[in-house]
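First up is the structure itself, then whatever we jot down about it.
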Amino acid sequence: KAFSGVASKLGALGVSLSVGAATNQIINIDEQLTRMGMTADASAEQVNRLKQKIFEAAQDPNIKIDTSKIISALNVVMTKTGNLKYVEDNIRNIAVALQASGAAGEEMGDVFSEFQKKNFSADEISQLMDDLVKQGDQGEYTLQKFAKTGKAVLSAYSPIGGTVEDVKKLNAVMQVLVAGLPSEDVAA
């Protein structure tokens, strides 16, 4: 309690740590978010709001994920897009996608960067993630595989279409291709 809420932030870290180690983790998170904020020329208030949303998403009973995975995805999105508002609007979507897929933060960051290029709103992405999970549950091309190959597949498919509906169709095509080929990499 003496370390400004360390105890409450421990749950968001997803690990049991001594107070000293927890403090170091929180300082590391602060440093990462400050760097991200500097990239976006964000105010301290904006960075604090970003940090709060990350902790809220990580602690959500339906998500429960390590903040470092969220931050690694956000770093990729921020580096590739430079759009702090998009990052902030999609923190929860990214956390849910990471939890649902088990994918690495960097892979999911690549996918969300592609979604930003297509100008998908946070609401559209939320619905799209639901649809991709449902498709993956019924086929071979899971959300984790989508995260792994999504950047390449979305880039290759972009001349055909770039709407949310097009991404759903693309995912259906990948379901068929993955079922008939040795791996999602070959299908991509």
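Along the sequence shown, residues are numbered consecutively beginning with 1. What you see below is based on every heavy atom in this structure, not just the backbone, and it leaves out hydrogens, waters and symmetry mates.
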Practice item. Kindly determine whether L50 and L84 satisfy side-chain contact (heavy atoms from CB on, under 4.5 Å), including the steps that lead there. Key: CA-CA 9 Å; L50 192 66; L84 186 64; 4.1 Å; yes
Review point. Any donor and acceptor pair, going by atom type alone, linking the side chain of S158 with main-chain N or O of S155 inside 3.5 Å?
Key: yes
Review point. Would you say the side-chain atoms of Y86 pair up with the backbone N or O of F112, donor to acceptor, closer than 3.5 Å?
Key: yes
Review point. Hey, what do you get for OG1 (T67) to CD1 (I91), rounding to the nearest 0.5 Å?
Key: 11.5 Å
Review point. Can you tell me how far OG of S121 sits from CZ of F115, rounded to the nearest 0.5 angstrom?
Key: 11.5 Å
Check your understanding: Shortest non-hydrogen contact from M108 to S101?
Key -> CE-OG, 3.4 Å
Check your understanding: Who are the salt bridge (Lys or Arg N to Asp or Glu O under 4.0 Å) partners of E88, not counting sequence neighbours?
Key -> R49, K53
Review point. Which heavy-atom pair separates G150 from V111 by the least distance, and what is that distance?
Key: CA-CG2, 4.2 Å
Per-pair distances, 0.1 Å, donor-acceptor, side chain in residues 171-188, under 3.5 Å, sequence neighbours excluded:
from	atom 1	to	atom 2	distance (Å)
N171	ND2	Q135	OE1	2.4
Q175	OE1	E140	N	2.9
Q175	OE1	Y141	N	2.9
Q175	NE2	Q135	O	3.4
Q175	NE2	Y141	O	2.8
S183	OG	D185	N	3.3
S183	OG	V186	N	3.3
E184	OE2	K148	NZ	3.3

Practice item. Mind checking the CG-CE spacing from N93 to M129? Nearest 0.5 Å is all I need. Key: 7.5 Å
Exercise for review: Could you tell me whether the side chain of L128 reaches within less than 4.5 Å of the side chain of V167, counting heavy atoms only?
Suggested key: yes
Check your understanding: Would L98 and F120 show up in the same hydrophobic cluster when neighbours are defined by side-chain heavy atoms closer than 4.5 Å?
Key -> yes
Point to revise | Intermediate values then yes/no, side-chain contact (heavy atoms from CB on, under 4.5 Å), I63 and R92 | key: CA-CA 9 Å; I63 300 173; R92 182 168 175 75; 3.2 Å; yes
Check your understanding: What is the distance from atom CG of L170 to atom CD1 of I160, rounded to the nearest 0.5 Å?
Key -> 8.0 Å
Point to revise | Under 3.5 Å: donor-acceptor pair, side chain of E106, backbone of S72 | key: no
Check your understanding: Is I65 reachable from F146 through a run of hydrophobic residues whose side-chain heavy atoms are each under 4.5 Å from the next?
Key -> yes
Exercise for review: Please round to the nearest 0.5 Å and tell me the distance separating atom CG of N75 and atom CD1 of I71.
Suggested key: 7.5 Å
Review point. Hey, what do you get for CG (N90) to CG (L74), rounding to the nearest 0.5 Å?
Key: 9.0 Å
Study note, to complete from the structure: Residue set satisfying salt bridge (Lys or Arg N to Asp or Glu O under 4.0 Å) with K118, at least two apart, ordered chain then number -> none
Check your understanding: Would you say the side-chain atoms of S113 and D110 include a donor-acceptor pair closer than 3.5 Å?
Key -> no
Point to revise | Any donor-acceptor pair under 3.5 Å from K69 side chain to A103 backbone | key: yes
Review point. Would D166 and T163 satisfy side chain to side chain donor-acceptor pair (under 3.5 Å), going step by step from the backbone distance to the final call?
Key: CA-CA 5 Å; D166 291 326; T163 67; 3.0 Å; yes
Check your understanding: Heavy atoms, side chains only, cut-off 4.5 Å: are F55 and I70 in contact?
Key -> no
Check your understanding: Taking C-beta and beyond as the side chain, do N83 and Q116 meet within less than 4.5 Å on heavy atoms?
Key -> yes
Exercise for review: Take Q127 and D131 through the test side chain to side chain donor-acceptor pair (under 3.5 Å) and record every step on the way to the result.
Suggested key: CA-CA 6 Å; Q127 183 58 52; D131 293 337; 3.2 Å; yes
Review point. What heavy-atom pair brings V133 and A100 nearest, and what distance separates the two atoms?
Key: CG2-CB, 4.2 Å
